[in-house]
Amino acid sequence: MNWQNKPEFNDPFTKARTRVHNTFGGKTVEFIYGAKDADGNPAEPKDDSAGIGRWTGIEVNGQYQMFTWQHSAEEGGAVEYGTEYNENALTVMEDSILKKQELCRQAESILRDIDSADAEEKMNAVRDEFNALGNWETPKEAEYQKRFDLVMSRFDERAEKVKANKTLKEEILARAEAVKEITNFNEARKTLRALRSELSDIGSAGEANDDAFWSRLNELDADVRRRQRQYFDELDTHRENARIKKEEVIENARKVTENPANWKAAGDQLNNLFNEWKAAGSAGREVDDELWQKFNELRQSFFTRRQAFFDERNAQWAKSIEAKTALIKEASEITAEKDYGKEKTERMKALDREWKAAGYSGKNDNDRLWDEFCKAKEEFWSAKKAISDKRFQDQIDARQSKIDGLNKQIEDLEYRMTIVPKPAMKKDLETSVYLKKGEIDSIEKEIEDLKTKLN
């Protein structure tokens with residue numbers, strides 16, 4: 001809305017007419033001017049005066065909005081419009097403001113009936129319609145906007161609460177659905193009563209949703225009652241079936257606990273049989289008590305023997321851990337002495353035999369102890385091997401040096417064979433060469449044997 005001040009008409013006889021207009025909280029205004037007397041002088045205007053100008057609009061708190069301006073004949077007589085609605089501006093404005101008033105009333109009515117199934121759909125339609133209306137920036141519009149915003153705020157807050165309530169009630173209903181799996185009917189009905197109380201404590205989730213939740217809860221309750229009636233109608237059959245099942249569980253428990261090869265696996269099987277026992281239902285109080293005594297005796301005997309087994313096993317493991325810890329300590333001490341003689345070497349070998357004899361140390365410690373033992377031994381054997389390797393290498397190097405010396409001697413002999421004058425002398429030299437080559441072959445075999453030991 002573009003407000004503008006009324007123009008200056010430059011006519012001392014300008015006449016103003018105003019009327020309070022409650023529809024928009026301001027005044028309608030009309031100015032008439034530009035009348036002339038017979039001599040062409042300014043005169044007081046009348047509605048039927050020829051050639052007068054007429055300015056119409058509204059006034060709010062001293063600000064004016066022009067709707068139409070019929071200029072005087074002296075100004076040319078043209079017509080101007082202050083809005084896109086031309087001469088219908090006042091009607092359009094009034095209709096728009098009255099529509100906002102009506103939409104506020106509709107919104108308030110929907111808020112009062114917020115739990116209805118279509119409340120959100122209706123309110124969104126009213127919201128869209130209200131926001132689509134133009135704004136003439138009048139006091140009434142400000143009043144209706146505040147009124148409408150308050151309704152929307154309360155509705156949105158309430159709608160969020162309704163959604164939260166719906167989520168909570170859906171969770172309760174999901175828990176209620178689980179009663180279909182409960183075979184203890186008293187427990188099932190007790191559960192439904194508790195859930196019904198929880199549902200009552202939660203506010204509305206919308207009329208339709210609330211009806212649906214209560215309807216489903218009633219259906220579940222009726223189903224439990226139906227199954228309970230059916231159960232008691234077939235009670236003798238149920239009890240006989242329970243007796244047969246529990247006797248079967250007892251027999252299976254006897255087999256499982258008689259001579260278990262794996263106590264843990266047997267314990268798991270016994271737990272499964274206990275679950276089967278509970279699921280079998282009642283065989284009648286006297287029969288149940290008798291069967292339970294048999295079943296429980298098997299269980300308690302098993303638990304006692306299992307505990308004894310684990311106590312003995314844990315004691316063996318503790319003994320093994322103690323022995324292996326001592327072996328690790330001794331291996332570390334031997335390694336630290338750096339004595340690689342026969343006595344220490346034989347003792348280090350004996351540690352391996354004693355380690356094996358110490359037995360298993362339990363899942364948590366066996367591998368850890370073995371790693372520590374290996375680490376303690378590895379340093380000893382690595383150092384001993386290094387010394388041994390060096391000794392073998394020294395022997396190899398000495399023999400290789402001897403071969404090098406023999407090869408030089410052979411070269412000298414072969415040279416002398418070319419210069420000696422007598423065949424007999426040459427024959428002696430050839431014999432010497434042959435013998436030295438044989439010696440080289442023998443030494444080379446020794447080197448190969450040493451390399452094999454080295455590797």
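If you're wondering where the values come from, they're calculated on a predicted model, not measured in any experiment.
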Ion pair R226/D223, N-O distance below 4.0 Å:
yes
Is there a donor-acceptor contact under 3.5 Å from the side chain of S320 to the main chain of A358?
yes
Would you please classify the geometry between the W277 ring and the F295 ring as parallel, tilted or perpendicular, with 30° and 60° separating the classes?
parallel
Are the charged groups of E251 and R254 less than 4.0 angstrom apart, N to O?
yes
Below 4.0 angstrom, N of the basic side chain to O of the carboxylate: do R368 and E372 qualify?
yes
Whether K264 and D268 form a salt bridge (side-chain N of Lys/Arg under 4.0 Å from carboxylate O of Asp/Glu) is what I want to check.
yes
State yes or no: are the ring centers of W136 and F24 separated by less than 6.0 Å?
no
What donor-acceptor contacts under 3.5 angstrom involve side-chain atoms of residues 171-180, with partners at least two apart or in another chain?
{"unit_1": "R175", "atom_1": "NH1", "unit_2": "E198", "atom_2": "OE1", "d": "3.3"}
{"unit_1": "R175", "atom_1": "NH2", "unit_2": "E198", "atom_2": "OE1", "d": "3.4"}
{"unit_1": "R175", "atom_1": "NH2", "unit_2": "E198", "atom_2": "OE2", "d": "2.9"}
{"unit_1": "E177", "atom_1": "OE1", "unit_2": "K180", "atom_2": "NZ", "d": "3.1"}
{"unit_1": "E177", "atom_1": "OE1", "unit_2": "R216", "atom_2": "NH2", "d": "3.0"}
{"unit_1": "E177", "atom_1": "OE2", "unit_2": "R216", "atom_2": "NE", "d": "2.8"}
{"unit_1": "E177", "atom_1": "OE2", "unit_2": "R216", "atom_2": "NH2", "d": "3.4"}

Can R225 and D221 be counted as an ion pair, charged N to O under 4.0 angstrom?
yes
Is the backbone N or O of Y415 less than 3.5 Å from a side-chain atom of T418, with the two atoms forming a donor-acceptor pair by type?
yes
Counting only heavy atoms from other residues, nucleotides and ligands, does the tally under 6.0 Å from CD of E430 exceed 12?
yes
Do K324 and D365 sit within salt-bridge range, that is, some charged N less than 4.0 Å from a carboxylate O?
no
Just so I know, are the side chains of E439 and L406 near enough to count as touching, which here means a heavy-atom distance under 4.5 Å?
yes
Given salt bridge (charged side-chain N to carboxylate O under 4.0 Å, His left out), test K6 with E59 step by step and report yes or no.
CA-CA 9 Å; K6 67 180 179 62; E59 181 262 319; over 6 Å; no
Side-chain (R305) to main-chain (T257) donor-acceptor, under 3.5 angstrom
yes
Pair R243 + E247: basic N to acidic O under 4.0 Å:
yes
Side-chain donor/acceptor of S401 to backbone N/O of D397, under 3.5 Å:
no
Salt bridge check: are E411 and K408 linked by an N-O gap of less than 4.0 Å?
no
Assess, by modelled atom type and distance only, whether the side chains of Q145 and D149 contain a donor and an acceptor separated by less than 3.5 Å.
yes
Applying ring-ring contact (aromatic ring centres under 6.0 Å, His included), can you list everything that pairs with F310, at least two apart in sequence or on another chain?
none
Salt bridge (charged side-chain N to carboxylate O under 4.0 Å, His left out) partners for E102, two or more places apart:
none
Assess the side chains of D311 and Q307: does a donor N or O sit below 3.5 Å from an acceptor N or O?
yes
With a 4.0 Å cut-off, would you call E354 and R347 a salt bridge?
yes
Should the pair F373 and W370 be assigned to parallel (<30°), tilted (30 to 60°) or perpendicular (>60°) ring geometry?
tilted
